[in-house]
> 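Attaching a single structure in structure tokens format; questions to follow.
Values below: every heavy atom of this structure, side chains too, minus hydrogens, waters and symmetry copies. All ligand and atom numbering here is 1-based and tracks the order in the structure.
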Amino acid sequence: MDIAQKITSGDTRSLARAATWIENRRPEAEPLLKELFPRTGRAMLIGVTGSPGAGKSTLCDQLTRSLRAEGKTVGIIAVDPTSPYTGGAILGDRIRMQHHHSDPGVFIRSMATRGWLGGLASATTEMTMLLDAAGFDTVIVETVGVGQDEVEIARLADVTLVVMVPGMGDDVQAIKAGIMEIADVFVINKADQPGAEKLERELKSYLTLSHRPYGWSPKIVQTVASDGRGITELLDATREYHARGTSRSRAADIWKIRLREMLRERLLDRFPESAFAAAGREVADRKRDPYSILHDWLAANEK
Ligand SMILES: Nc1nc2c(ncn2[C@@H]2O[C@H](COP(=O)(O)OP(=O)(O)OP(=O)(O)O)[C@@H](O)[C@H]2O)c(=O)[nH]1
Ligand SMILES: [Mg+2]
């Protein structure tokens, strides 16, 4: 059996190995993903994003419990832009999710991203493809919604949940516009704390003013992830959005963007950093003009 067959037949060790290939940008990943591609497109991809500490991991854990209770399998990718590989936040995620550890129906993977120079959205997309092909019914991607990269990542999901918290200056104005726009469902977590109703009112008035793509006005769900309150409603709202079937037109939009990025990455990969350094000096010294350099590079690539 080759590794693709092992992965689709549920071999967790092969799955973990392939995940490492993707994370380390190993050349083995591409032929594998190419082989697995026909098996993708079945899982429901849920993106969970929001401020640090908003309760995203706790929510993912609760969603996983509910889905497991229905007999659904779940793959979780925790993208962590701040921690080194052995960092506390990842450890925190692991601890919060550890009661799923012995469950073969749950696969959890943390991707630490400190020091990455890009390609984060690519690697995350590939990771979701891998888990999708491996047969997980639901794949959840948790990211901290702080930068453009995270917006990109959240955009790859079929359904994006944006998690907010009342009374933490986490009001509508303070949240990055990019994040507000990608929300399919707003989660007001920590609704056990004061200010949840106020935040919901603010969100509602924001939504009446904003233009939403794909003709959907996002649902707002209040949750207390730490005790499981609101999780059923959250799962219902998530499924309701998914059932509308806009995922496919959104997927087409996303792949259009992704293909551009992939082409750019491919092209850039053909030129070593040293080539840019040398050419940069030549241009600065007025030895060559930038246009002829580009012309030569592109001509050399056509061969
Ligand atoms: N009071 C209250 N605390 C909560 C709730 N949900 C989560 N917490 C707590 O909030 C803290 C942060 O929760 P996490 O799930 O780690 O939050 P996160 O958004 O994943 O955090 P990062 O991944 O570090 O950005 C933990 O101590 C949780 O127990 C809630 O609904 N109410
Ligand atoms: Mg977390």
Side-chain angles (χ1 to χ4, degrees), residues 45-67 74-101 106-114 116 120 124 127-128 138-154 157 159-171 174-176 178-180 182-183 185-200 203 219-235 237-238:
L45 307 184
I46 306 178
V48 178
T49 192
S51 323
K56 300 177 295 297
S57 299
T58 317
L59 273 168
C60 292
D61 178 62
Q62 292 286 1
L63 288 170
T64 302
R65 277 182 204 230
S66 296
L67 290 161
V74 186
I76 301 170
I77 303 163
V79 181
D80 193 314
T82 52
S83 308
Y85 280 81
T86 52
I90 289 177
L91 197 62
D93 283 338
R94 293 242 164 94
I95 288 165
R96 262 184 280 294
M97 307 226 184
Q98 76 186 354
H99 52 264
H100 298 300
H101 234 78
V106 179
F107 181 86
I108 301 171
R109 184 81 189 193
S110 290
M111 288 181 35
T113 57
R114 177 183 280 176
W116 277 49
L120 181 55
T124 312
M127 209 68 96
T128 60
T138 309
V139 176
I140 307 179
V141 181
E142 175 191 338
T143 48
V144 176
V146 287
Q148 187 56 37
D149 242 359
E150 287 72 48
V151 174
E152 297 290 321
I153 291 165
V159 187
T160 300
L161 317 183
V162 169
V163 185
M164 303 175 86
V165 181
M168 272 184 37
D170 210 13
D171 56 20
I175 299 282
K176 270 183 70 92
I179 290 287
M180 297 293 288
I182 56 168
V185 178
F186 283 104
V187 186
I188 299 180
N189 189 43
K190 306 198 186 184
D192 52 328
Q193 294 178 357
E197 297 303 326
K198 180 167 171 279
L199 180 55
E200 178 155 350
L203 263 177
K219 291 265 150 59
I220 304 170
V221 182
Q222 295 194 17
T223 58
V224 182
S226 44
D227 69 11
R229 221 190 317 154
I231 298 301
T232 309
E233 291 79 1
L234 177 56
L235 208 47
T238 304

> Do any heavy atoms of Arg229 fall under 4.0 Å from ligand 1?
no
> What part of Asp192, side chain from CB on, backbone N/CA/C/O, both or neither, has a heavy atom under 4.0 Å from ligand 1?
side chain
> Leu59 pairs by side chain to side chain contact (heavy atoms under 4.5 Å, CB included) with which of Leu161, Thr64, Val163?
Val163
> Check whether any N, O or S atom of Ser57 sits under 2.8 Å from the Mg ion (ligand 2).
yes
> Is Ala191 in polar range of ligand 1, meaning some N or O pair under 3.5 Å apart?
no
> Can you name the closest pair of heavy atoms from Cys60 and Ile140 and give their distance?
SG-CG2, 3.7 Å
> For the backbone of Thr143 and the side chain of Thr49, can you confirm whether one donor and one acceptor N or O come within less than 3.5 Å of each other?
yes
> Could you report the tightest heavy-atom contact between Gln62 and Asp227, atom names first, then the distance?
NE2-C, 4.2 Å
> Please find the N/O/S atom of Glu142 nearest to the Mg ion (ligand 2) and write down its name.
OE2
> Would Pro52 count as a polar contact of ligand 1, with the cut-off being nitrogen or oxygen pairs under 3.5 Å?
no
> Going by side chain to side chain donor-acceptor pair (under 3.5 Å), name the residues that satisfy it together with Glu197, two or more places apart in sequence or in a different chain.
Gln222
> Polar contacts were defined as any N/O atom of the residue lying under 3.5 Å from an N/O atom of the ligand; does this apply to Ala54 and ligand 1?
yes
